[in-house]
Amino acid sequence: MALDSPIAHLSLRNNNINDYGAELLGRALSTLQSCNRTLVSLNLGFNLIGDEGACHIAQGLRLNRSLLWLSLAHNRIQDKGALRLAEVLRPFELTHREVVERRRLLLEKGTQERSRSPSSSRHGDSKTDREKNTLSGVSSVALVEKAEKMQTPKTPKGLGKKKDKEVKKEEKSGSGQSPTQGTPKKDDSTKAGKGKVTIPEQKPAKGKGPKIGSKEKRSILPESELVAEATEMVNPLLEPVEHRDGRVFMPGNKALLHLNLLRNRITEVGLEGFLATVQYQAQFTKFKSAGKGPVGLLWLSLAKNCFSTQCPAHSTIQELLLPRDPTAKAKPREDEASASSG
């Protein structure tokens, strides 16, 4: 789970991992100095993780924005750990060290933007450079026209065979042969450019060439998209924050889509924390455009804990998550099949 690790899916299920192991895993997810950007799913089910370990994993989720699937089923998590996990998924207060690190990152970002943007004194120089470039472009065009005029007068003098010979000469010169000795270097570049426009390599595009290219594109495109996501990923500390009574609040982790806390020791106290999280995320998604994809929890399992599944808080959570659950459409069909078989 290091920064250079290519692992995307990791399962440590049923390995007797305790709170100390969960602390190491939480540090690997994110710290102030580093953050994992490749791990997508982490399975820690059937282990010995308690409240302390759950708090360490929640600490790792503060600045992690790559993990989408997390399973902590069949552990020893109680209300303290459950509340910490729920708090990370909604706006939480930044610590003093996080605020200092955020200010440092903002200063670095400001200096980089200033160095990239030209100053007012350099603005005039850039205009003069543009004018010079345009003039040089005009002069190069004039040279090309002169070179063409030097070649074109030869064609109208003769007819018949002379024209055919000159046409052949022009074709040979266009095919990439060396120009005359008296022409300047700029003509070489222009003629080379003309040769590139009519590259004969474009012809095999109709044959077997595109099939190989399509296969290469299929293998390259996902990697390029992953690289783009990794490079465009913004540090969570640079996200828009809220200031309340002199305190700084971050919007929270909305990258986690799947959280499994089946068969732990959570009571209605921890359940209320997850209810507040799901209610906040449901309100947040109303103001978000649907084109950017889902944000926040889509699936949350809290069954087989120390509360009744018929309690109002649990039923409210299920109602709020039902329209967001992508597997909810397949469940009625399974229910109908089981009813018909019964």
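Quick note: residue numbers are just sequence positions, from 1.
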*asked:* I want to check something: taking the side chain as every heavy atom from C-beta on, are Ser66 and Asn36 in contact at a cut-off of under 4.5 Å?
replied: yes

_N/O donor-acceptor pair under 3.5 Å between Ser41 side chain and Trp69 backbone_ = no

*State which residues pass salt bridge (Lys or Arg N to Asp or Glu O under 4.0 Å) with Glu319; sequence neighbours excluded, sorted by chain then number.*
none

*Check whether any side-chain N or O of Asn47 sits under 3.5 Å from a backbone N or O of Asn16 as a donor-acceptor pair, and report yes or no.*
yes

*asked:* Starting from Val88, can I reach Phe249 by hopping between I/L/V/M/F/W/Y residues whose side chains sit under 4.5 Å apart?
replied: no

*Sidechain-backbone polar pair: Asp19 side chain, Ile49 backbone, donor-acceptor under 3.5 Å*: no

*Do you know which two heavy atoms are closest between Ala255 and Leu68, and how far apart they sit?*
O-CD2, 3.2 Å

*Candidate pair Asn264 and Arg76, rule side-chain contact (heavy atoms from CB on, under 4.5 Å), full reasoning*: CA-CA 5 Å; Asn264 279 276; Arg76 302 176 179 178; 5.6 Å; no

*Please name all residues satisfying salt bridge (Lys or Arg N to Asp or Glu O under 4.0 Å) with Arg247, sequence neighbours left out, ordered by chain then number.*
Glu93

*Close side-chain approach of Arg265 to Ile77, heavy-atom, < 4.5 Å*: no

*Following the transitive rule for hydrophobic clusters with a side-chain heavy-atom cut-off under 4.5 Å over Ile, Leu, Val, Met, Phe, Trp and Tyr, establish whether Leu261 and Leu320 coincide in one cluster.*
yes

*Set of residues satisfying side-chain hydrogen bond (donor to acceptor under 3.5 Å, both in side chains) with respect to Ser5, sequence neighbours excluded*: none

*asked:* Restricting to side-chain hydrogen bond (donor to acceptor under 3.5 Å, both in side chains), what partner residues turn up for Asn43, sequence neighbours left out?
replied: none

*Taking all non-hydrogen atoms of both residues, which atom of Ala82 and which atom of Gly270 are closest, and how far apart?*
CB-CA, 4.3 Å

_For the student: nearest non-hydrogen atoms of Met250 and Pro236, plus distance_ = CE-O, 3.4 Å

*Heavy-atom closest contact (Leu39 atom, Met1 atom, distance)*: CD2-CE, 3.7 Å

*Contacts of type side-chain contact (heavy atoms from CB on, under 4.5 Å), residue Asp79, not counting sequence neighbours*: Ile266, Thr267, Val269

*Same hydrophobic cluster for Val99 and Leu107, using side-chain heavy-atom links shorter than 4.5 Å among ILVMFWY?*
no

*Heavy-atom distance under 4.5 Å between the side chains of Leu89 and Gln281, does that happen here?*
yes

*Kindly write out the residues that satisfy salt bridge (Lys or Arg N to Asp or Glu O under 4.0 Å) with Glu87, not counting sequence neighbours, or none if the list is empty.*
none

*List for me each residue that meets side-chain contact (heavy atoms from CB on, under 4.5 Å) alongside Leu106, sequence neighbours excluded, and say none if there are none.*
Arg102, Leu238

*Pairwise side-chain contact, Glu239 with Pro251, heavy-atom cut-off 4.5 Å (strictly under)*: yes

*Classify the angle between the aromatic ring planes of His258 and Trp299 as parallel (below 30°), tilted (30 to 60°) or perpendicular (above 60°).*
parallel

*Give a yes or no on whether Leu259 and Leu12 share a hydrophobic cluster (residues Ile, Leu, Val, Met, Phe, Trp, Tyr; joining criterion: side-chain heavy atoms under 4.5 Å apart).*
yes

*Got a second to check how far Cys35's SG is from Arg65's CZ, nearest 0.5 Å?*
8.0 Å

*Ionic contact status for Glu98 with Arg62, cut-off 4.0 Å*: yes

*asked:* Taking the side chain as everything from C-beta on, heavy atoms only, tell me whether Leu85 gets closer than 4.5 Å to Leu72.
replied: yes

*If every non-hydrogen atom of Cys55 is compared with every non-hydrogen atom of Arg84, which pair is closest and at what distance?*
SG-CG, 3.5 Å

_Gap separating the CG atom of Asn64 from the OG atom of Ser34, nearest 0.5 angstrom_ = 10.5 Å

*Does Arg104 have any salt bridge (Lys or Arg N to Asp or Glu O under 4.0 Å) partners at least two apart in sequence or in another chain, and if so, which?*
Glu101, Glu108

_No-hydrogen, no-angle side-chain donor-acceptor test under 3.5 Å, Thr309 and His314_ = no

*Would a 4.5 Å heavy-atom cut-off, applied to side chains only, mark Leu105 and Lys109 as touching?*
no

_Using 0.5 Å steps for rounding, measure from the CZ atom of Arg103 to the CG atom of Leu237._
12.5 Å

*Which distance, rounded to the nearest 0.5 Å, do you find between the CD1 of Ile7 and the NE2 of His9?*
11.0 Å

*Checking side-chain contact (heavy atoms from CB on, under 4.5 Å) for the pair Gln310/Ser315: CA distance, chi angles, key distance, verdict?*
CA-CA 6 Å; Gln310 303 298 325; Ser315 60; over 6 Å; no

*Could you tell me whether the side chain of Leu298 reaches within less than 4.5 Å of the side chain of Pro326, counting heavy atoms only?*
yes

*Other residues, nucleotides, ligands: >12 heavy atoms within 6.0 Å of His96 NE2*: no

*Quick one: does Asn18's side chain have a donor or acceptor within less than 3.5 Å of a partner on Gly21's backbone?*
yes

*Shared-cluster residues of Leu24, by chain and number - hydrophobic side chains joined below 4.5 Å*: Tyr20

*State which residues pass side-chain contact (heavy atoms from CB on, under 4.5 Å) with Ile317; sequence neighbours excluded, sorted by chain then number.*
Leu271, Phe274, Leu275, Val278, Leu300, Leu302, Leu321

*Contacts of type side-chain hydrogen bond (donor to acceptor under 3.5 Å, both in side chains), residue Arg97, not counting sequence neighbours*: none

_Less than 4.5 Å apart, side chain to side chain, heavy atoms only: is that true for Ile17 and Leu48?_
no

*Atom CG in Leu63, atom CG in Leu94: separation rounded to 0.5 Å?*
8.5 Å

*With a cutoff of under 4.5 Å between side-chain heavy atoms, which Ile, Leu, Val, Met, Phe, Trp and Tyr residues group with Val100?*
none

*Are Leu10 and Leu44 co-members of a hydrophobic cluster defined by side-chain heavy atoms under 4.5 Å apart?*
yes

*asked:* Distance check, rounded to the nearest 0.5 Å: Leu67 atom CG versus Arg37 atom CZ?
replied: 14.5 Å

*What heavy-atom pair brings Cys311 and Glu268 nearest, and what distance separates the two atoms?*
CB-OE2, 4.2 Å

